[in-house]
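FYI, side chains are in, hydrogens and waters are out, and symmetry mates aren't considered; it's all heavy atoms of this structure.
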Amino acid sequence: MSTLPVRRHALGLPAGSVRAAHLLVIVGVTCALVVNPMELAIAIPPYLVYLLFLMLGHYFASHGVTIATRDDPQASPLYLPGGTVRLVVILALAAALGWKLYQNPESLREQFDRTLDELKSQPYLPL
């Protein structure tokens with residue numbers, strides 16, 4: 001009877017680590033653009049908006065399928081406790097939006113409007 005081969009993951013890290021690192025970088029860049037301290041609201045580029053939603057969906061959908069569950073002896077992504085990456089992503093996005101809403105709500109509204117205008121001007125970008 002043959003045994004199953006040992007599963008290897010990218011860079012020798014636990015399953016989902018590269019995916020988690022990509023997601024954290026994309027969320028970090030998006031949060032940095034949201035909390036931009038300049039008076040002029042910078043529109044978030046459409047490709048970054050689509051990439052953010054794509055990575056959020058990909059990370060959260062794959063969790064529990066390819067990433068270790070709590071009862072699994074394998075390590076969680078980036079060797080962090082289970083659920084840490086999800087918590088960091090949600091807190092970072094909520095904190096960035098909450099801080100901008102508290103600090104300068106008019107700038108946040110203007111940034112959303114400019115971002116939506118950019119998205120409308122590039123309707124075929126998702127394709």
### Query
Which atom names give the shortest non-hydrogen contact between Tyr47 and Leu125, and what distance separates them?
N-CD2, 3.5 Å

## Note on the structure
For Lys100 and Asn36 the tightest heavy-atom approach is NZ-O, 3.0 Å

### Query
Excluding sequence neighbours, so at least two apart, what forms salt bridge (charged side-chain N to carboxylate O under 4.0 Å, His left out) with Arg114?
Glu110

### Task
Decide yes or no for Thr115 and Pro45: does some side-chain heavy atom of the first lie under 4.5 Å from some side-chain heavy atom of the second?
no

### Task
Flag the pair Tyr59 / His22 as yes when at least one side-chain heavy-atom distance between them is below 4.5 Å, and no otherwise.
no

### Candidates Leu52, Thr84, Leu24 - the one meeting side chain to side chain contact (heavy atoms under 4.5 Å, CB included) with Val89
Leu24

### Query
Val34 pairs by side chain to side chain contact (heavy atoms under 4.5 Å, CB included) with which of Ile42, Leu101, Leu93, Ile44?
Ile44

Listed partners of [X] passing side chain to side chain contact (heavy atoms under 4.5 Å, CB included), at least two apart:
X      : answer
Leu116 : Leu119
Ala92  : Val27, Cys31
Phe53  : Val49

### Task
Please say whether more than 12 non-hydrogen atoms of neighbouring residues, nucleotides or ligands are located less than 6.0 Å from OH in Tyr50.
yes

### Message
Measuring from atom CG of Leu48 to atom OG1 of Thr30, what distance do you get when rounded to the nearest 0.5 angstrom?
### Response
4.0 Å

### Summary
One should read off an interatomic distance between Met55 CE and Ile26 CD1, to the nearest 0.5 angstrom, of 5.0 Å

### Task
Kindly say whether Val35 contributes a backbone atom to a donor-acceptor pair with the side chain of Gln111 at under 3.5 angstrom?
no

### Query
Taking the hydrophobic residues Ile, Leu, Val, Met, Phe, Trp and Tyr, and joining any pair whose side-chain heavy atoms are under 4.5 Å apart, which ones share a cluster with Leu91?
Leu87

### Task
Scan for side-chain hydrogen bond (donor to acceptor under 3.5 Å, both in side chains) pairs involving residues 116-127, sequence neighbours excluded, and state none if there are none.
none

